[in-house]
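By convention in this document, chain letters (A, B, ...) are assigned in the order of the sequence lines, proteins followed by strands, and residues within each chain are numbered from 1.
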Amino acid sequence: MDIFTQQLINGLVVGSIYALVALGYTMVYGILELINFAHGEVTMIGAMVALSVIGILMGTAPDLPGLMVVVAGLLLAIPACMALAFTIEKIAYRPLRKAPRLAPLITAIGVSIILQNLAMLVWGRQYVSFPAVLPRGQHEILGAHITDLQIVIVVLSLLTMAGLWLLVERTRLGRAMRATAQSREVAELMGVNVDRVISATFVIGAAIAALAGVMVSAYYGLAHYYMGFMLGLKAFSAAVLGGIGNIAGAMLGGLLLGVIEALGAGYIGDLTGGFLGSHYQDVFAFFVLILVLVFRPSGLLGERVANRA
Amino acid sequence: MPTGLDFFRERPRLAFVLLAGLLLLLPFLVGGGLGNAWVRVLDFILLYVLLALGLNIVVGYAGLLDLGYIAFYALGAYLYAWLASPHFGLHLPFWMVLPLGAALAGLFGVLLGAPTLRLRGDYLAIVTLGFGEIIRIFMNNLNAPFNLTNGPQGMNLIDPVSVAGQSFSSPLRIGELVIPSTYLYYYLFLAMTLLVILVAMRLQDSRIGRAWAALREDEVAAAAMGINTRNVKLLAFAMGATFGGLAGGLFAAFQGFISPESFTLWESILVLCMIVLGGMGNIPGVILGAILLTAIPEALRYIGDLQRAVLGHVVVDPADLRMLLFGVALVAMMLFRPAGLLPSRQRKREFGAQDAVAEQEQADLYDARA
Amino acid sequence: MRTKHLLSALFMAGALGLAGCGDKPAEESGAVIRIGSVAPLTGPQTHIGKDNENGARLAVDEINAQGLQLGGKPVKLELLGEDDQAEPKTATIVAQKLVDAGVVAVIGHLNSGTTIPASKIYHDAGIPQISPSATAVAYTAQGYKTAYRVMANDAQQGKALGQFAVVKMAAKKIAIIDDRTAYGQGLADEFEKAAKEAGGEVVAREFTNDKATDFTAILTSIKGKGADLVFFGGMDPQGGPMAQQMKRLGLSARLLGGDGLQNVNFLKLAGADAEGVVASSPGLPIDSMPGGPDFRKKFEAKYGVIQVYAPYAYDAVYALVDAMKRADSAEPAKVLAELPKVDIQGVSGPVKFDAKGDTVGGAVTLYEAKGGAWQVLETMK
């Protein structure tokens, strides 16, 4: 039982990070129907910027408490990622709004390659380690180990998602975003500045991505210019699983994917008598995703739309 | 505007002869001028042209966004390795193995296509991506409990193509003239590519081709017109996969070694980039895209020499710059030619239309997809 | 009909070029001898790739500074570095490119997955290839007379590790993880064989991949099976977080790894949790070798900290030059004939080849992470 609890906790922590990154995909997709492939790289840049700030602070002011140093890193990473996402949207996506659908997808891939390689030039080819500045408290719950950091990650993720939900449902900007997602033309007629709303969507997604990037690198103790790709892919799968374009769906999809992966890797070997092992972890995740989509083609919480195109 | 192209357009026979001559002599020109390594690049270009033409059927003709296409390439390659290597001790000739590989890939195209029939657009993309990864992961892990693929170690010593006792992996000697292995494969790949181009062109102009176009433009309307969308979709998946499987078999024979590393998601994305960059649905465009995206990263290796020539020393490591410039090129091309370098006539019409009309069309499309 | 003349002229040029590129006597092109060096210089393994190239470059620069004479004439070595992106297809293209450029030998490639397909091209061209770091058994098992390596292969290293785990670390219940790369899986399989032979019980065989950072699921499962030793066949980017996650999950088993973990980056990535981790490295400890500390000093002054395989690339160049000196020529055929006789003291250990092209003896040294540095435990022969 304690092993099962532990696997559940493992999955929830990873899942909440997936969910945070998935929010960025889902928001952009909801409004533009664009898979923003570069979103994973924005997450990576967030982690890298934060690590640089942390490194500089530790060099100049070694007496600062660790938590403060990390928060300072995060506070600089967030605006950096927001500015980055704003620029990406303006340069690589906006001119292509009327282009065939796949054109912005290709620029997104291009931007993702550019960001990876720029990061490699700036931060080097090496894995960068996250300094051990955070307190390493540990607790035991039902025989399972859980660290302070894990609790912080899950709580912060949930708070962020709640905040985003309030923003989308309860503010003027949120209403404008929902209107734009429904129909860009009608929103424009109603006096919504669509360009500004789209920019805002990218920027908000990037701020959340920066948070996720810092969490990932703190949790695993490293950052690397390549880290955004896999994370982005998983998060995108999570967004689709939950129903892309749907914020609650991204949360659900992320958490589910995390738990499925953990339980899959943990139990698949014993369940199949060693025939399938943890090397099929990703197969398991994709398989569930495919099953869900085959039976619910718009994802778990996606709206069923009339099949018109 | 009279251009050189018009000159040839009026004299198709001359253009054909010149083109055929050029294609025949190309390895000698490239090999003599730039070295044998570039003939190898040429061989890979042809393989990618094959792949791009296959994916073009799925994405360009039928409008089904497939991000797992490389799986079919992998199936073709692995089947070749199973039937013509020491792994199982089988050494069947290539003319038997290649069609079998293509057929296996085609079968999988239908098997994997069937569950996705209800999915649209990006959902289809993620599911096909999933299938692509699943196949790669299986190839990477099936060395136990029974050794099917030799796992991450890959399969080695795969038989080369050989015709009338002449193995393509060793140079052909005709008197004084020595024709290296890469040249021989060039001609084989060229023949296959021409065959596939022919099939693709015939398909495009056939009833099926028109059904695909209808499906791509509006699935509901296509169904209303009496098109069996299920069969037409499956046929697109099958045809595309068949070409992929063929290319995979050729790849295995050419390399002599395959491992799952060659069939990553990145390869699927690369092939997709080729057809979008060149111009979806348009055969010359797709070919151009494949040529550019295979050759550009290779050509960019020379930036180091360029820096040395211009600046006297290497400022930025060319290896660092290569992929960066590749990314910049992708973005720039899309910004300036969003419909691709050589858009299909139909798409050109859409784009060439008066702005208001184009906008309206685009808006209609948008509404239809929402 | 000027086009026709142009075409025939081009054809002639092509044919001439073709005839020319068949067998270019490298020695005649001045006194410069070109050697290729191939490793991934882009992608996730870039830092290790650059390390290999730097190791080879240091050796080449030293040899040039000392002055090399072949056939009574002074010659200069030139190192051509190429990027294979750790990708089999690119590996064959750059291999061909080096052959075209008239290299007399190649130091590379880094990964087994690229070394094997490229070896076919070097074999066909008849030029020697010495890989500093490809450890897959299959590389030298192809029967190519051109394929050599200076590092103990997976079988040699896995065997030493398996015995060490059971005999010296007294492991009873062993869990094995590999990263599903040619390197990780090869090493883990050989380890499993040796550990079982020595009487250890393998209670779990788990897997991850070379891009993963989260191992909590498999580690939790391993914890449930009560393993007292975890062997990981893979590299430091996975090993570092794995060591951390083991501690975090309260797993008391010790972590054991191969040369993929025995490097500075692992210590950095694992932080305090590296303490007590044991990892092996083929060859003898650099600092105990004659010329070893000197090598470290020179390398670090020029390129910074040694990542992993730089000493092997360095030794590979010296082994090659030893064969050239014995042949008194840089002609590939003559060098090939002398390579089996190579016998030098490298910075990673003595370099001598067996009939297949593997290193003879293949000593493996085990290290333990203590106080943020690798301490030598013992060398196994």
Measuring from A/Q7:CD to C/K223:NZ, what's the distance to the nearest 0.5 Å?
10.5 Å
Which residues pass the side chain to side chain donor-acceptor pair (under 3.5 Å) test with A/H39, not counting sequence neighbours?
none
Spacing of C/S221 atom OG and A/I268 atom CD1 [to the nearest 0.5 Å]:
11.5 Å
Side chain, backbone, both or neither: which part of A/Y280 has a heavy atom under 4.5 Å from chain C?
neither
Just wondering, more than 12 heavy atoms not from C/K173 lying within 6.0 Å of its NZ?
no
Which atoms of C/D179 approach chain A - backbone, side chain, both or neither, heavy atom under 4.5 Å:
neither
With a cut-off of 6.0 Å (strictly less than), are more than 12 heavy atoms of other residues, nucleotides or ligands near CZ of A/F287?
no
How would you list, by chain and number, every residue that makes a ring-ring contact (aromatic ring centres under 6.0 Å, His included) with C/F295, sequence neighbours excluded?
C/F299, C/Y314
If we only count heavy atoms from C-beta on, is the A/Y220 to C/Q245 side-chain gap below 4.5 Å?
yes
Separation of C/T220 OG1 from A/L263 CG (nearest 0.5 Å)
10.5 Å
Could you grab the distance from atom NE2 of A/H224 to atom OG1 of C/T213, nearest 0.5 Å is fine?
12.0 Å
Supply the atom-to-atom distance A/Q150 CD to C/T216 OG1, rounded to the nearest 0.5 angstrom.
8.0 Å
Just so I understand: if I count every heavy-atom pair under 4.5 Å between each of C/G271, C/G250, C/A270, C/A272 and chain A, which residue has the most?
C/G250
Heavy-atom pair count under 4.5 Å with chain A, highest-scoring of C/G224, C/G49, C/A217
C/A217
Between A/A132 and chain C, which part of the residue has a heavy atom less than 4.5 Å away: side chain, backbone, both or neither?
neither
Return the option, out of C/R248, C/K268, C/E206, C/R205, with the maximum number of heavy-atom pairs under 4.5 Å with chain A.
C/R248
Here the gap from C/N209 atom CG to A/M230 atom CE, rounded to the nearest 0.5 Å, amounts to 6.0 Å
Contact origin within C/N265 toward chain A - heavy atom pairs under 4.5 Å:
side chain
Is the number of heavy atoms from other residues, nucleotides or ligands within 6.0 Å of NZ (C/K370) greater than 12?
no
Can you see which heavy atom on C/H47 is nearest to which on A/Y127, and at what distance?
CE1-CD1, 4.3 Å
Chain A: which of C/P237, C/P241, C/A204, C/A212 shares the most heavy-atom pairs with it under 4.5 Å?
C/P237
